[in-house]
Structure formats: structure tokens, C-alpha cells
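Before any comments, here is the structure.
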Amino acid sequence: MRPEQERVRIEKLEELRKLGINPYPADLYEINASSADIKTDCDHLAAGDKVEEGKYKQVSVAGRLMSRRIQGKAGFAELQDSQGRVQIYMNRDEICPGEDKSYYNNVYKKLVDLGDILGVKGYVFKTQTGELSIWVTEYTLLTKAIKPLPQPKTDEDGKVHDAFTDPELRYRQRYVDLVVNPQVRDTFIKRTKLVNTMRDYLNDKGYLEVETPILQPLYGGAAARPFKTHHNTLDMTLYLRIANELYLKRLIVGGFDGVYEFSKDFRNEGMSRFHNPEFTQVELYVAYKDYEWMMNLVEEMVEKVAIALHGTTEVQVGANTINFQRPWKRYTMFEAIEHFTGIDISEMNEDQLRETCKKLDVETDPSMGKGKLIDEIFGEKCEGSLIQPTFITNYPVEMSPLAKSHRDKPGLVERFEAIANGKEICNAFSELNDPLDQRQRFEDQVNLGKRGDDEAMTLDEDFLRALEYGMPPTAGLGIGIDRLSMIMTNSSTIQEVLFFPQMRPEKQPVIATVDDYKSIGVREELVPIIQKLGYFEIEKLKEANANKLHQEVCGMRKKLKLNDVKNPSKEEVAEWLA
RNA sequence: UCGCUUGUAGCUCAGUAGGUUUAGAGCAUCUGACUUUUAAUCAGAGGGUCGUGGGUUCGAGUCCCACCAAGCGAACCA
């Protein structure tokens, strides 16, 4: 049974149809201005004045009716289009110049609801209180809404009351969130602008945007558990990609100088405010470059993004102001650890590192090797404290099976991450292009896998074959678009920068239809009574005790004052349950 | 997967220590008044499987247990 407000609106739908008004017309509706156009182009009007010529004398705007203040024979309302809101003035005698006032009195005042989509025509004027408005001479119902929207209100101090805030509802019904929470729309516009700024930057450099397989027979390029699926025709297992690194490198082997892809990747792991099972990365590979060169590119590109979104390199994130202006601070991993803990670990062996972890209260387990121990110290003691954008360079080789060994520091690789607001925003290296070294690193990974590491990488023979043909020295980069969007839009969770974050399925109660009830012999007029009693499923009804049910139905009939409805007999009730 | 918190009307929330026949408020809805308002205003009315299912009790929105969903934290995610 629908809530009262929805039932009323469905009745209104029928009334509109009876009046010959199609609540879902097919005709296109010609629009010549947006709410924002009116605000920028007509602001010069003085209070009480109207536009005397040009398109704003015959303006046509469409949008959703978001608020309404009716004062008898006239009234104000607000229409919301994709750009914002504009006030409209509805006057009975303007809308209905003739004798018949029903299109105002009946249709506008009674049959049109908040949330309906209207088109209006009229001229722009400024009210005596100084609000730009449209003096409506003609309106058209373009879409009738059956469900009522939440009704947040903003007071004169700009404070929002009764905001639509329940995260579960906001994520499950993002369409509602977008309609009533303007800052949500703004976040997603910024996200798209972020991607577009990067794409423009990379295209300007002459790099080629490409597409590579999402369904992969072997997953690689990162350490993560994959989603697994099956192709029927080939009768084979396929995986949703966890990264596209190995495919992009094949393209560098193939002779492209620079390739990039904005890719949805999929990792079958925990969810949190920083993790969604599907997420977006941009990966970039440029031939004949190294990781030092790539650092400069990252700085320049991300600085451009900040400026494109905020007009400045400074971005407010929670309590922190983060400045993306070049150059960023650079630390080697050892320097960073020494800076934050006062301990120089660069010369330590595994036992000494383990001892240091104990001293620093960093948890370890026996399976951790030297590289993992260093990474653990960094993760626990440094990463969260790096608020301003900082490059961390020269990672332990054990953690980086696809990165080239450092040109003069044994045991390290030519790799960097950029950290901002205490979180990694990118990961990059001089790519390993020695096919024999790469094979050895893969085999080490395979051994880790045999020891039970279910995130160890698999050996990709075709990728090794490609390397054997020769991949030029190459710099590679991956930037987490969701994480960067979070920082750039001051969002504390990844859900805020994904239109449709992953959720557990909604429980859909199997609600019986009127026909279902009729099929077991219930008279139609008794259905509302039975539903009111809470028997929404035929199975539940069948489980009921016949005597009790009979009593309940008769009692509810009386309570609902359904005097026209005849009570069922005991035998009748018994038959339903038979 | 573990811990803490939350779930009451379309939305935002009250609901005291378990106890007042019929579970409250604001917005939204319905009826009426109002031709420059803007959180419009004024008068009246309707609207609730109190997340779901059990239990304790003379009595449960309130206490207990299980389940479902969400948030936060942890684990995991190099």
C-alpha cells in the first residue's frame, strides 16, 4: 500500500487526464534560457523593473518545482533546472485571462505538486524585494512526480534545515540526493572537470588515449584479489582487471611513445571509506623517460587540476589547507622514516628492522621480509603525517616486482608515490624492462603465492614475451582518480565521489498484489483490511489461525469504518487458508 | 570478518525511569483564507507493520536475544 501522499498524487494524475492534460507529454519543450543565464544577464534590473526587450522578454525555462508560496490569486514558486533555481511569479489573471480560472485555481494550485517538472514562459522582472523572477504568462506540466521529495529549507542566514542527510538513502537514491543537495551536484561536476583537465593535459603532450581489456585471462599489474567470471563460448575463466599496467606496456613495446587510459579497475577486497570494489585509475606510460621525469609531470598535472577546480593551488580539505603549488617536497623513504622517527634504518638488516619495529610499536609477523618491514614502518609512522603533497622515492625491491632496480642503490627500486592529506594519490616507477629480471621477480611472486599469499602476482608469459622483443626505457604512472577527487572536493569518503557506490542489496519484501489475494478467494474490498493488518505476503496469511484472522478482519473493518464492506464469514476465511 | 553506534510519518527529529484509552513536533500532504512572497503567514484535518523476528513482563518504541541494513573504527586493501 502506497503512502497517503503518493496515493493522492496518483489520483491527481487521473484528474489531470480527465481534464485533457497529459501529465507526461511527448512534445519537446523549447527552452531559451537557464536559471543561471537569467541571473547573469538580468541582474542589472532595478527592483520593480522588468525586461522590456530581447529574449528575456519572452523567456522559456523548464525545471522542477521545488518550493511554492501561494497567496490566494497569485504566488511565488521556485523552479530548479540543471544550473540552479529561479523564482517564478504565478498570477491567476495572467495565467487565465478569460472567465475560466480553473487552470490556475484547480490545476496549478491543486493538481501540480512540489517535485513536478514544469515549463514556463513569460518575462523576467525583479520584485520589490530585489529577487529576479519570471512573470509567468503560460505554464505547461511536463512531468508529474508521484513520490514527494525531501524538503530541505534554507533560512535567511543560509543555514539548511531538515537537510536530506541519511547516507544510506542518499547513496541508494542518488537521484534524490542530486535534486535536493546542490553541493552533491557540484562535487561530481568537479570530478568530471578533474578528469577532463588531466585528459587535456595528456593530449596536449601528444599521448594516445587507449582502451585495453577489462576481461583478462590472467590478472596482473598489481597485488590484489580479483573478481572471477566465466565466458561460456570459450568455456574459460576470465578475471575483471585489477590494473591495466601489463597491457599498456605491451603497447609501448608496440612502438607508441606515450599511452594512457582512464580505467575502471576491480578488486575483490574489503570496502571502507577509502575503498570501493570498482574504482578508477589513470595509468600513463611514456617511453624514454624515467621516474624523475615523471615526478615533474605529476606535479605539473595535479597543480593544473587544482587551479582548474579552485582557481588557486590551495585546496581546503577538512581542517587542512593543502597547497599543490610546485615544487613538492621530496623524501626518500629512508629520509622520511628518519624525519618522523629519528631513526636511520638505511643500513639495517632484517633483524635490526624487526627490533626497530618493536621499539616503534609497529606490528610485525614472521612472514614479513626486509622490504615489508620498511613499508610497515613508513605506513604506520609517516604516511598519515604527510599532509602537504610530498613525493616518497626509492622503495624496497621486494614490494615492487614491476619496477626497475635503482641505478645506484642496491636493494631499492626507482619508484615514487605522491602522498597528500595522509594518503597515497599516485604510484610510479621507471618500468622494469629487463625480461630476465622480470621473469625472476614473477617467479619470486609465484613462490609467495605458493606460501599462501593470495595477492601475489601471477606469471604472465605473453607479457614476458613482449618484453623479450624489447621495451624501451619507460616511465609509468598510476593515479587514483577517486582518492584525488576526494581531496579536490573535500570529501571524507569515497562514496561521496562515486555516483553509485557499492551497497548491499536492498531488501525487497515480496508484497502480494490484489490479484494474489483474489486468487486464494479474498474479496477485493477486503484486501485493504488484510494489508492494514500486516499480511503483505500470501504465505504469511496462509499461516494465520482462521478464527483469529476472522476476528482481526472484522475488527479492522470496524476500526476503519468501512461500513459498505461486508464482513467475511468464518467459513469464507477458512477457505482462504485451505 | 571483529568492535562501537544508529534504525520512530514522505524528509529531519523528540519520545524521560518499562505505564495516561488513540506514539509526538517541524517541514511536506489535505480543507479553508490571502495579488510582490522568499524557512511566507493564519485556522483546521489526515498520515505510523516504532528495521524484521523472537523473548522477559500484568504491560515493550523503551529491557534481553537473533537477524537485516547503514555509519564510524579496526583487520584487509604492497
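Per chain, numbering begins at 1; letters A, B, ... match sequence-line order.
Of the residues in residues 106-117 of chain A, those placing a heavy atom less than 4.0 Å from an atom of RNA chain B are A:Lys110, A:Asp113, A:Leu114, in numerical order.
Ranking B:U38, B:A69, B:U36 by closeness to the A:Arg504 side chain, first place goes to B:A69.
Residue A:Glu156 places no side-chain atom within donor-acceptor reach of the base of B:U38, judged by atom type and a 3.5 Å distance cut-off alone.
Across B:A23 and B:C50, the matching P atoms stand 11 Å from one another, rounded to whole Å.
OP1 or OP2 of B:C11 has not a single side-chain nitrogen or oxygen of A:Lys153 nearer than 4.0 Å. Contact between the side-chain N/O atoms of A:Arg172 and the OP1/OP2 oxygens of B:A70 is found at a separation under 4.0 Å. Between A:Arg85 and B:U38 there is no side-chain N or O to OP1 or OP2 distance below 4.0 Å. Using a 4.0 Å cut-off, some side-chain N or O of A:Arg69 falls inside it from OP1 or OP2 of B:A40. Between A:Lys12 and the phosphate of B:U29, there is no side-chain N or O to OP1/OP2 separation shorter than 4.0 Å.
Base engagement by A:Gln128 is indicated by at least one non-hydrogen atom pair under 4.0 Å involving a base atom.
Residue side chain A:His161 fails the stacking definition with respect to B:G26, as its ring centre and the base's six-membered ring centre are not both under 5.5 angstrom apart and under 30 degrees in plane angle.
Using a 3.5 Å distance cut-off with no hydrogens or angles, the side chains of A:Glu414 and A:Ser430 do pair a donor with an acceptor.
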